[in-house]
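None of these values were measured; they are calculated from a predicted model. The basis for the numbers below is simple: all heavy atoms, side chains too, and nothing from hydrogens, waters or symmetry mates.
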Amino acid sequence: MNRPQLDKRIFWGAIFVICLLVAPLALGPEQGLAILNGIRGFLTEKFGWLYMLFTVAIFGFLIWLATGKYAHVKFGEGEPEFSTPSWIAMMFTGGIGGGIMYWGAIEWAFYYTAPPFGLEPKTAEAAHWAATYGLFHWGFTAWAIFCLPVLPIAYAYHVRKQPTLSLSGACKGVIGKYASGWIGKIIDIFFIFGLIGGAGTSLGLEVPMISQGVSELLGIPRSVTLDAVIIVIWTGLFGLSAFLGLKKGIKLLADVNMYLALILGAFVFLFGATVFILTTFTNSVGLLLQNFIKMSFHMDFTNGWEFTQTWTIFYWAWWIAYAAFVGLFTARISRGRTIRGVISGMIIAGSLGCWIVFSIFGNTGLYFELNDIVPVTEILANQDAYTAIISIVQAMPLGNIVLVLFLMLMMVFLATTLDSSAFTLAFVATKEIKSEEDPPRWHRIFWAFILAVISLVLLYSGGLGALQTLSVITSFPLIFIFIIMVISFMKWLREDYPKGTTKDDSSIKRSEANNRDQ
């Protein structure tokens, strides 16, 4: 059997673009940041409305698909490759990563001190919205964005039997033979660069968090050496997992991650501010459901719409930029699942997972703030978010033990996300790889190494802010690529299932026209 071969045009093209764009950021971060911030400001100011309308359209389209005549179409024959708990664990940890531990604990504080709708900061109403907006930004809409590219990619790969797992392959129904040419390669190179930008930002956000926690636990000052030790441990963890592959590495790491999260969450919930957590969560869900449409369309142009531009549009752009990776990875692990199963699993399970983290850790921090146990907003204003989060965690029952588990969870979360990233990067840059195969080990390890090196360069050059901004910029053309993918997907569905399908269909009934794509 022939081994999967490297796609040299994508591989070397991606390396060239990464070097071309990362080098100036590392050598001149201030100038690069100023230019990129200007581009980002232009996009969010002039096209903020497009991001808002596009995300609403995505959510509506997925609801239509999940309840329509194509709901029972399966991505490939047979039973699902992974059990539902493992599938959810891999999908969730791969898509969200350790960022949820950071933002889940502290995001409310930003909204509490600078609330939406022109509200007065630090009031009761501001507190209500502070506990709610995190659920909105990490809820239905975010996971709908993540889910959208999964469907055309999974259909192209598992049903239409496209030889590669890629964005370009999912566009083939529209761009035809050009998907295999330079247009397709440019689409895939663009995806690789965006993914590396997102992964590098994750490392830059979470390594200082872990380093700050270790510093507090051991009573040692945070230093470059401590950061380097943490990065070495982290690189070894996700590098080993990438070497072992999808089933032995990523699946195991994701399962461990979810069990650890359940243990930590259950302890904080049961022995912490249980009643306040439940009460605030109930109020927040009600407030979100009552105002979902308002929040989805809110621009507030009379007040300069600073909150929407700073948070909501930024989040939608960030999810779009990262959705290509989530789409590719989730498509790979979704063989045997239906359209309805993927949509409901991602939107419902993904949202609930984020809501649980935000409710337990975020509402605990809000409780400490309101009851003068920990001056979270004061620490945030005078020091930084890392110190504020550590202060919240250490104020919990058995604070130091909880902090150890918290840091371990962040470490494993981040390793799982970047492990999935390395796997996906290797998959995209590999020719004609079958659904049951993994990319070559050297290839997976190579991308793990690239992710670590780029992240280190950016972490110590001050270029992380620039790359995060650049990732947002990359989301703009992805809007149009996703639209092409959706049109391609619907064209295939109409060809293959002119009358739709039912729950009783036990196999894929594909027409002879499908053979053209094989």
Side-chain angles (χ1 to χ4, degrees), residues 52-80 82 84-85 87-88 91-92 95 135-160 170 173 285-286 288-297 316 319-320 323 326-327 330-331 333-355 479 482-511 514:
M52 301 292 279
L53 293 179
F54 181 65
T55 53
V56 171
I58 289 173
F59 186 71
F61 173 69
L62 294 183
I63 296 299
W64 175 78
L65 269 182
T67 57
K69 65 180 183 179
Y70 302 118
H72 300 291
V73 172
K74 289 179 67 176
F75 296 118
E77 300 179 4
E79 295 299 314
F82 299 96
T84 298
W87 178 76
I88 290 174
M91 173 268 294
F92 186 83
L135 306 189
F136 175 62
H137 288 148
W138 293 71
F140 301 137
T141 306
W143 283 96
I145 295 171
F146 277 174
C147 183
L148 182 72
V150 175
L151 307 178
I153 294 171
Y155 196 85
Y157 190 66
H158 295 300
V159 180
R160 286 273 172 155
V285 171
L288 173 61
L289 295 179
Q290 290 173 357
N291 294 276
F292 182 75
I293 294 178
K294 175 182 179 180
M295 297 162 78
S296 297
F297 289 95
W316 295 169
W319 298 140
I320 290 169
V326 178
T330 307
I333 64 176
S334 296
R335 178 161 56 88
R337 297 189 178 275
T338 64
I339 288 178
R340 177 178 291 175
V342 170
I343 293 174
S344 60
M346 292 191 73
I347 292 181
I348 296 175
S351 297
L352 285 176
C354 292
W355 288 4
I479 291 175
F482 286 174
I483 291 173
I484 294 173
M485 290 167 63
V486 168
I487 295 173
S488 176
F489 178 51
M490 292 307 300
K491 178 182 177 182
W492 287 332
L493 285 178
R494 292 190 184 101
E495 289 177 358
D496 299 344
Y497 297 92
K499 296 182 180 180
T501 187
T502 67
K503 188 175 182 181
D504 295 330
D505 291 333
S506 58
S507 63
I508 300 297
K509 300 177 181 178
R510 300 175 59 224
S511 67
N514 294 17

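Remark: W87 CH2 to F92 CZ distance equals 12.5 Å, nearest 0.5 Å. Atom CZ of F140 sits about 8.0 Å away from atom CD1 of I348, to the nearest 0.5 Å. With rounding to the nearest 0.5 Å, the separation of CZ in R337 from CD in E79 is 10.0 Å. The CG atom of L148 sits 5.0 Å away from atom CD1 of I58, with the distance rounded to the nearest 0.5 Å. The CD1 atom of I347 sits 11.5 Å away from the CG atom of L352 when rounded to the nearest 0.5 Å.
Sorted by first then second residue, the side chain to side chain donor-acceptor pair (under 3.5 Å) pairs that include residues 338-355, not counting sequence neighbours, number zero.
Listed for the T55 side chain is a donor-acceptor partner under 3.5 Å among the backbone atoms of M52. A donor-acceptor pair under 3.5 Å is formed between the side chain of W143 and the backbone N or O of G350. Side-chain atoms of W319 come within 3.5 Å of backbone atoms of H137 as a donor-acceptor pair (strictly under, hydrogens ignored). For the pair H158 (side chain) and A331 (backbone), a donor-acceptor distance under 3.5 Å is present.
More than 12 heavy atoms of other residues, nucleotides or ligands shown are found within 6.0 angstrom of CG on L289.
Nearest heavy-atom pair, A170 versus A156, reported as atom, atom and distance to 0.1 Å: CA-CB, 4.1 Å. For A71 against A66, the heavy-atom pair with the smallest separation is CB-O, 3.3 Å. Residues L62 and C147 come closest through the heavy atom pair CD1-CB, 3.9 Å. Nearest approach of D496 to R160, heavy atoms of both residues: OD1-NH2, 3.0 Å. In terms of heavy-atom proximity, I88 sits nearest to A349 at CD1-CB, 4.0 Å. What you find for G327 and P149 is that their closest heavy atoms are CA-CG, 4.1 Å.
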_Quick one, V150 with F75, criterion side chain to side chain contact (heavy atoms under 4.5 Å, CB included). Give me CA distance, side-chain angles, the key distance, then yes/no._
CA-CA 10 Å; V150 175; F75 296 118; 5.7 Å; no

*Could you walk me through whether L151 and M485 pass side chain to side chain contact (heavy atoms under 4.5 Å, CB included), step by step?*
CA-CA 9 Å; L151 307 178; M485 290 167 63; over 6 Å; no

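Counting heavy atoms from C-beta on, the side chains of Y155 and I339 never come closer than 4.5 Å. No side-chain heavy atom of I487 sits under 4.5 Å from any side-chain heavy atom of K491. For the pair V326/M346, a side-chain contact is recorded, criterion being any heavy-atom separation below 4.5 Å from C-beta on. The shortest distance between side-chain heavy atoms of V73 and W492 does not fall below 4.5 Å.
Between F54 and F482, the ring planes are parallel. Angles under 30° get that label, and only those over 60° would be called perpendicular.
Taking the centre of each ring, Y70 and F489 stay at or above the 6.0 Å mark.
For T67, there are no side-chain contact (heavy atoms from CB on, under 4.5 Å) partners two or more places apart in sequence or in a different chain.
The ring pair (Phe, Tyr, Trp, His ring centres under 6.0 Å) test with W316 singles out one residue from F136, F146, W138, and that residue is F136.
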